[in-house]
Peer 1: 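Submitted below is the structure of interest, expressed as structure tokens.
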Amino acid sequence: ASALVDQTLSIQLEAVHDWLMSDGALSHAAAIARKRRLDDVEPEILVNEAWIKLQRVFSRRAEPYPDLDGDEQIRRFTYRVLDNLAIDRARAVTRRSDALVPLVAEHQAPVREPGFDQIDQHDLITRLIEQIPEVATRLLTCPGCAHDVVLALALDICQSVLADIESDFDVLVYAGLRRVLGEPDDGAPATAAERQRKSRCGRCARLLLEAAFNVTGVA
């Protein structure tokens, strides 16, 4: 019986994953973000957070979901999960700003989060570095990016912050990509190819960093 339950849960989770990776899920996430006035949250962020959360939820289930046996039920189920995540984010806006921007743009100042007043920024980024590889195994699904490059880029950005390199996020992405790919950092203006790669890999690195930030327990 236990094996059958595990098999059914696995089938349900796979079906949920397939829908979350679809354009329909992104459309739902975008609509939810607009509804909750999360102007700075890309739909990919909500989708990937939902996938991370659902893996944890399914791993703790003792029995399959009784009403998760069709496409419409899966859409409704995941919509509720996405909406609840968006509600949590909207509430968090009143407590703190977006997870990644202060981490990079204000890294000179100690991080002060509710319940974690004694954790300074060095400790927090060290915890991020520890979480990133594990989170990457679940999060990195972009077909347009080399996953090892995105992982190395996210770690490089964290190391730059630890080294007190004062730059905005885009500059850290450009410099990190050049280091990761072994290209010279000669200060030359970014080429069109570099800008396109920065846009793609930088977004995936941001998603990875934000997801790792969330699972450190500081929220």
Side-chain angles (χ1 to χ4, degrees), residues 1-33 35-36 38 41-92 99 113-116 119 124 126-152 154-155 204-219:
S2 177
L4 180 60
V5 167
D6 290 343
Q7 182 181 14
T8 304
L9 281 170
S10 178
I11 292 172
Q12 288 182 335
L13 181 59
E14 183 178 356
V16 167
H17 173 266
D18 289 346
W19 191 81
L20 277 173
M21 295 302 108
S22 70
D23 291 339
L26 286 177
S27 297
H28 275 303
I32 288 169
K35 181 176 73 172
R36 301 301 176 188
L38 298 174
V41 178
E42 297 184 33
E44 291 88 351
I45 292 176
L46 286 178
V47 167
N48 281 294
E49 284 185 357
W51 173 234
I52 292 171
K53 178 177 181 178
L54 285 168
Q55 288 179 95
R56 292 198 301 265
V57 170
F58 271 77
S59 70
R60 297 168 185 163
R61 289 280 300 183
E63 58 184 21
Y65 286 92
D67 55 350
L68 202 60
D69 55 359
D71 292 343
E72 183 61 28
Q73 289 84 355
I74 289 172
R75 282 193 293 270
R76 290 178 180 176
F77 176 79
T78 51
Y79 185 93
R80 288 196 300 270
V81 173
L82 288 165
D83 196 36
N84 287 336
L85 286 170
I87 290 171
D88 289 343
R89 274 184 164 272
R91 289 172 178 167
E113 298 289 343
F116 288 84
I119 296 179
L124 179 56
T126 299
R127 291 164 72 179
L128 276 176
I129 291 172
E130 294 173 351
Q131 291 287 347
I132 284 171
E134 179 183 352
V135 174
T137 62
R138 304 190 300 268
L139 182 69
L140 293 180
T141 58
C142 175
C145 287
H147 295 175
D148 56 339
V149 171
V150 175
L151 173 58
L155 293 170
C204 288
R206 179 188 173 96
L207 293 174
L208 176 54
L209 283 164
E210 186 168 84
F213 188 96
N214 289 336
V215 299
T216 60
V218 181

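Residue indices begin at 1 and follow the sequence shown. Since the model is a prediction, treat every value here as computed from it, not as a measurement.
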Peer 1: Please report the shortest heavy-atom distance between A211 and V135, naming the atom on each side.
Peer 2: CB-CG1, 3.7 Å
Peer 1: Atom CD1 in I32, atom OG in S27: separation rounded to 0.5 Å?
Peer 2: 11.0 Å
Peer 1: Among all residues two or more places apart in sequence or in another chain, which pass the side-chain contact (heavy atoms from CB on, under 4.5 Å) test with S22?
Peer 2: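 S22 satisfies side-chain contact (heavy atoms from CB on, under 4.5 Å) with W19, A25 once adjacent residues are dropped.
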Peer 1: Is Q12 reaching over with its side chain to a backbone N or O of P64, donor-acceptor style, under 3.5 angstrom?
Peer 2: no
Peer 1: Are the side chain of D83 and the backbone N or O of Y79 linked by a donor-acceptor pair below 3.5 Å?
Peer 2: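 Not confirmed, D83 side chain does not pair with Y79 backbone.
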Peer 1: Looking at every heavy atom in both I132 and A212, which two are closest together, and how far apart are they?
Peer 2: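 That would be CG1-CB, 3.8 Å.
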Peer 1: Any chance you could measure L13, atom CG, to L68, atom CG, to the nearest 0.5 Å?
Peer 2: 9.5 Å
Peer 1: Hey, is the main chain of D6 close enough, under 3.5 Å, to the side chain of S10 for a donor-acceptor pair?
Peer 2: no
Peer 1: Of the non-hydrogen atoms in V150 and A205, which two are nearest, and what is the gap between them?
Peer 2: CG1-N, 3.7 Å
Peer 1: How long is the gap from CG on N84 to CZ on R80, to the nearest 0.5 Å?
Peer 2: 8.5 Å
Peer 1: Counting neighbours of CD on E72 that are heavy atoms of other residues, nucleotides or ligands and sit closer than 6.0 Å, is the number greater than 12?
Peer 2: yes
Peer 1: So which atom in L208 and which in A154 form the shortest heavy-atom distance, rounded to 0.1 Å?
Peer 2: CD2-CB, 3.8 Å
Peer 1: What distance do L207 atom CG and N48 atom CG have between them, rounded to the nearest 0.5 Å?
Peer 2: 5.5 Å
Peer 1: Quick one: pull up CG in L85 and OG1 in T78 and give me the separation to the nearest 0.5 Å.
Peer 2: 11.0 Å
Peer 1: Measure the spacing between CG of L20 and CG of L54 and express it to the nearest 0.5 Å.
Peer 2: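 Rounded to the nearest 0.5 Å, the CG-CG separation comes out at 6.5 Å.
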Peer 1: Restricting to pairs with a member in residues 47-64, which pass salt bridge (charged side-chain N to carboxylate O under 4.0 Å, His left out), not counting sequence neighbours?
Peer 2: E49-R89
Peer 1: Please find the pair of heavy atoms, one from P133 and one from L151, that lie closest to each other, and give the distance.
Peer 2: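 In terms of heavy atoms, the two residues are closest at CA-CD1, 4.0 Å.
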Peer 1: Identify the two heavy atoms, one from A50 and one from V81, that lie closest to each other, and give their separation to 0.1 Å.
Peer 2: CB-CG1, 4.0 Å
Peer 1: Would you say D23 has more than 12 foreign heavy atoms packed within less than 6.0 Å of its CG?
Peer 2: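 Atom CG in D23 is not crowded, with 12 or fewer foreign heavy atoms closer than 6.0 Å.
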